[in-house]
Amino acid sequence: MNDLPNGFTGYSGISPDFESAADAMRRSRAEAPQTSHVNTPSPMRSSAPDGAFQYTRDMSSGRRVQGELPFDLDRIDHLSTPERRWAWSEIDLGAIRHNVADVRRHLGSRTRLMAVVKADGYGHGAPEVSKVMLNAGADRLAVSNIDEAMQLRKAGVRAPILILAQPPASSIPLLLGYNVTPTIYNPEYAIAYAEAADLHGMKAPYHLAVNTGMNRIGVRFDEAVEFLYQVSFHRALELEGTFTHFATADDADPFEMQIQAKHFIEALQGMQAAGFDPGIVHAANTAATYRYPDVHFDMVRCGLALYGFHPCPETRDIADLKPAMSVHARITDTRFVPMSEGVSYGLHYRSPGSVKICTVPIGYADGLRRNLSGNTDFIMNGRYFRQVGNICMDQCMFEVDMRSYGTRERIDPQVGDEVIIVGSQGIAEVSIDEMAYKLDTIPYEIAIGFSHRLERVYV
Ligand SMILES: *Cc1c(COP(=O)(O)O)cnc(C)c1O
């Protein structure tokens, strides 16, 4: 293959199921109208909800004349979140700034920071948090697929964006059109991508994923040089970066991570010896960034820390992080429940008497995990109150002891009072880290779970 001329464009004969980039582009163009129709919200949706048109028609056929609506929908549509629904999440952008600065403090002056904003910014809203992170000192962004990248571009984000995996070949026109860099580990894919770029006189930058032991994606560390020999003839292809990912950076024992680091360095040395410039070299996620400065290379890729979470107990002594997400609700109903009567599905909780049971409009459909039933606290007036009964899809209950004893102040909760589901008030704190621990999972999953149904308020 070494004797192929630069700019060779006849690679399609190599593999029987190889689809040339030009074909891929033609096909995606042919499919485009249908796709864009499906994905574009109807213009009606943005001007007024469907129901509003229905309403106008109904009214015009009845006593009211057309256009004479009793409400100004444009105005009432914009009622703030806590006015529409008594459950919401708050994202503290100051905390995000603080966390970016904390990560930066642990980096050398020439080490770059790639902010990982996949999964809608770990459930915090990717466009909003990306802008703050870039402002606060992040250099680049990483996402997991082309849709996430396009969402950022459409929101006006201009920083370099890397997709942390190899997207389907049929999405290559989108990569080029939206100036999004793919991760690549398949030679035929690399050529398809380069061909498509070349067709338009563009460059085809990419990052090479090296598999050093996690066995998820990437070219095996001892085959990286071979990969580059296969693709480097193409004039459009540009190796912008080379990276690997650690499987055990959050593990107390550094042994496996060090083996991966060793394999990665072997691959880099091999590439350099063969005359290939690996570009921006990166490997460390949050745990590795804080725990192992010797694997920072040219850039670190942090997600978790920027949102204020710890990947493992070890980082608590090193990192100063503030959780950015809190979850809030207001009480929608209260009642005294006589002793021994049950509460919620299954009636598993029984009232001890002299308690007020308060209801809040948040449930597992919002991400408040049902397995936390009876095993999490809410906060009001800086004090903890026990969540009781099964957490329902859209609502759940908590208990307020109405007896007063000692110096403890008696609290009489009322409909409309604000309750903190996740967050802190005074010395009381309920954290996502703690919920993750109770549910035997990781904070990533809990944060992402606080779903889109909870509207986010940025503070
Ligand atoms: C998600 C991800 C990261 C970020 O990991 P954190 O633990 O959130 O810092 C970095 N690199 C890759 C490849 C990832 O998939």
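One is the number of the first residue; the rest follow in order along the sequence.
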Answer yes if the ring centres of [X] and [Y] are under 6.0 angstrom apart, and no otherwise.
X	Y	answer
Phe309	Tyr122	no
Phe246	Tyr292	no
His282	His207	yes
Phe398	Phe378	yes

Smallest separation among heavy atoms of [X] and [Y], with atom names:
X	Y	result
Tyr307	Gly121	CE2-O, 3.1 Å
Asp277	Leu239	O-CD2, 3.5 Å
Gly389	Tyr349	N-CB, 3.6 Å
Leu164	Ile217	O-CD1, 3.4 Å
Ile191	Phe233	CD1-CZ, 3.6 Å
Glu418	Met380	O-CG, 3.3 Å

Hey, is the main chain of Ser344 close enough, under 3.5 Å, to the side chain of Asn390 for a donor-acceptor pair?
-> no

Got a donor-acceptor contact below 3.5 angstrom from the Asn211 side chain to the Gly213 backbone?
-> yes

Flag the pair [X] / [Y] as yes when at least one side-chain heavy-atom distance between them is below 4.5 Å, and no otherwise.
X	Y	value
Met257	Thr248	yes
Ser373	Asn371	no
Arg330	Asp417	no
Glu256	Asp251	no
Leu152	Val143	yes

In this structure, are over 12 heavy atoms from other groups packed under 6.0 Å from Asp294 atom CG?
-> yes

Greater than 12 external heavy atoms within 6.0 Å of Met393's CE = no

So among Asp198, Leu175, Asn186, which one has a side chain to side chain contact (heavy atoms under 4.5 Å, CB included) with Tyr193?
-> Leu175

Which of these passes side chain to side chain contact (heavy atoms under 4.5 Å, CB included) with Pro182: Pro167, Pro205, Ser171?
-> Pro167

We want to know whether [X] and [Y] form a side-chain donor-acceptor pair, criterion being a heavy-atom distance below 3.5 angstrom.
X	Y	answer
Gln260	Thr212	yes
His310	Thr315	yes
His328	Ser326	yes
Tyr185	Gln166	no
Asp102	Tyr290	yes

Between [X] and [Y], does at least one N-O distance fall below 4.0 Å, as a salt bridge requires?
X	Y	answer
Arg97	Asp92	no
Arg316	Asp433	yes
Arg153	Glu148	no
Arg291	Asp317	no
Arg453	Asp366	yes
Arg110	Asp298	no

In sequence, state the C-alpha distance, the side-chain angles, and the governing distance for Tyr229 and Phe276, and then conclude on ring-ring contact (aromatic ring centres under 6.0 Å, His included).
-> CA-CA 9 Å; Tyr229 276 133; Phe276 297 112; 5.4 Å; yes

Evaluate the criterion salt bridge (Lys or Arg N to Asp or Glu O under 4.0 Å) for residue pair Asp394 and Arg85; output intermediate values, then yes/no.
-> CA-CA 12 Å; Asp394 317 300; Arg85 186 176 168 213; over 6 Å; no

